[in-house]
Amino acid sequence: MRKVGDLSNLHDKYFDRGFRVIGISDESSSRLKERVVDERNGTFWIGADRGDTTMRSYTQRGSLSIPRFYLVDAHGVVVGSSMPSEAEIEELLDSVFDRDLGRGLHEALADVGLAYSEGAYGAARALAVEASSSEDAAVAADAAFVIEKIDALAEFELHGMELRFADLSPSKAYGQALLLSHWYEGTSLGTWAEEKVTELTDDPAVEDDKRMWAALRRVIAKEAGIWRVPAHRRDYQRKRLAKDYASVADKHRNYVKTLALERKKHFESTLEDS
Amino acid sequence: MKSLAVLAATFAVAAPAQSGWLDLAGQPAPALDAETWLNADGSPTLDELEGKVWLLYFFATT
């Protein structure tokens with residue numbers, strides 16, 4: 001077993017910057033706790049994969065030498081298969097996008113901040129674009145900061161999106177693209193997602209469920225409206241959206257139903273938070 | 001022809017066994033799954049790891 005201390009040190013040293021060491025073994029959790037956590041003070045995450053579920057996803061027929069490493073970047077893409085140096089980890093961490101705004105905003109941009117924190121980046125950007133022409137220089141500067149941040153986030157996400165989409169079925173790709181085109185409206189990722197929607201519209205798998213998709217699409221299009229009403233009316237809007245999504249989920253099937261249920265849960269949870 | 005046959009035989013003997021580990025360079029990392037997790041809060045998923053850099057380490061304690 002490689003030095004548990006070295007891996008724990010890396011995991012701990014870079015944890016706050018978004019680095020994780022994830023150990024996988026087919027041994028029992030009690031044995032792993034005893035041998036790695038208790039005896040060697042291992043602090044990295046350890047999965048007891050007794051059924052070899054993870055192992056099977058990373059292997060084919062052939063000899064398996066242990067240990068084996070896979071280094072994965074911030075887009076979820078495998079970029080190495082050996083123990084990385086700290087310099088390699090640092091380099092990858094430099095490209096990690098900090099999703100937090102990182103600073104407060106002028107109070108006139110409170111809604112922009114809220115929309116951003118909920119992941120409604122397209123809505124947040126649209127509001128920020130309006131505010132960027134404010135005569136108040138502080139408001140305009142904060143609005144420009146948010147626009148820049150959202151555009152950078154969209155670029156970051158776009159980088160890994162094509163790879164992720166390559167593995168999706170046409171229906172899933174279409175559904176994800178629909179959501180992304182709204183969530184990131186006005187950004188490079190939003191434009192890319194719109195192109196995907198157009199590209200996939202005629203795919204037989206999507207064409208077969210055309211009416212279901214149209215129903216879902218109508219509700220998705222209403223999401224940005226939350227940020228166009230006064231704050232005291234937003235809970236009402238959220239309840240309506242949850243209800244609309246529930247209705248789509250009740251009437252339809254396949255991936256449309258899955259997405260509708262996910263969005264219903266999302267709006268119910270934002271109601272609980274508010 | 002004889003030399004080619006010798007060469008082929010040499011390579012046949014010298015060729016290492018095919019590694020069972022997939023070469024996934026440039027591809028999305030497959031999902032993680034385990035019955036029990038230690039040191040982690042809950043079960044790490046690819047969604048939760050999005051935006052993070054991580055090192056997957058397959059190991060045995062013996």
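The basis for the numbers below is simple: all heavy atoms, side chains too, and nothing from hydrogens, waters or symmetry mates.
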[Y] and [X], any side-chain heavy atoms less than 4.5 Å apart:
X	Y	result
B/Gln27	A/Val77	no
B/Val53	A/Leu71	yes
B/Leu56	A/Val78	no
A/Phe44	B/Asn39	no
A/His11	B/Trp54	no
A/Arg31	B/Thr62	yes
A/Tyr58	B/Leu32	yes
B/Phe59	A/Leu32	yes

Within 6.0 angstrom of [X] [atom1], more than 12 heavy atoms from elsewhere:
X	atom1	result
B/Asp41	CG	no
A/Glu91	CD	no
A/His159	NE2	no
A/Glu148	CD	no

If I compare all heavy atoms of [X] with all of [Y], which pair ends up nearest, and what's the gap?
X	Y	answer
A/Met83	B/Leu55	SD-CD2, 4.1 Å
A/Trp45	B/Pro44	CE3-CG, 3.5 Å
A/Leu163	B/Pro28	O-CG, 4.0 Å

Worksheet item: Quick one: of A/Thr43, A/Ile66, A/Val72, who has the most non-hydrogen atom pairs under 4.5 Å with chain B?
Response: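 Going by pairs under 4.5 Å, I would pick A/Val72.
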Discussion item. Can you tell me which of A/Leu93, A/Thr54, A/Asp52, A/Ile46 forms the most heavy-atom pairs within a distance under 4.5 Å of chain B?
Written reply: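 When all of A/Leu93, A/Thr54, A/Asp52, A/Ile46 are compared, A/Ile46 has the most.
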Item to complete: With a 4.5 angstrom heavy-atom cut-off, could you sort out which part of A/Ser81 is near chain B: side chain, backbone, both or neither?
Response: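 The answer is neither part of A/Ser81.
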Worksheet item: Is it the backbone or the side chain of A/Val37 that comes under 4.5 Å from a heavy atom of chain B, or both, or neither?
Response: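 Only the side chain of A/Val37 comes within 4.5 Å of chain B.
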Rounded to the nearest 0.5 Å, how far does [atom2] of [Y] lie from [atom1] of [X]?
X	Y	atom1	atom2	result
A/Leu64	B/Phe58	CG	CZ	9.5 Å
B/Thr61	A/Arg40	OG1	CZ	7.5 Å
B/Lys52	A/Leu92	NZ	CG	15.0 Å
B/Glu50	A/Glu157	CD	CD	5.0 Å

Discussion item. Does any backbone or side-chain atom of B/Ala31 lie under 4.5 Å from a heavy atom of chain A? Answer side chain, backbone, both or neither.
Written reply: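 For B/Ala31, the backbone is the part near chain A, not the side chain.
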Fill in: Residue-level interface, residues 13-25 of chain A with chain B, non-hydrogen cut-off under 4.5 Å
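Hits under 4.5 Å: A/Gly18, A/Phe19, A/Arg20, A/Val21, A/Ile22, A/Gly23, A/Ile24, A/Ser25.
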Discussion item. Does anything in residues 164-179 of chain A reach chain B? List residues with heavy atoms under 4.5 Å apart, or say none.
Written reply: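 Residues in range: A/Arg164, A/Asp167.
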Worksheet item: According to the interplanar angle, ranging from 0 to 90°, do the rings of B/Tyr57 and A/Phe69 count as parallel (below 30°), tilted (30 to 60°) or perpendicular (above 60°)?
Response: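 It falls in the parallel class, under 30°.
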Worksheet entry | Any donor-acceptor pair under 3.5 Å from A/Gln60 side chain to B/Ser19 backbone |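 Yes, the answer is positive, given that a donor and an acceptor are paired below the 3.5 Å cut-off.
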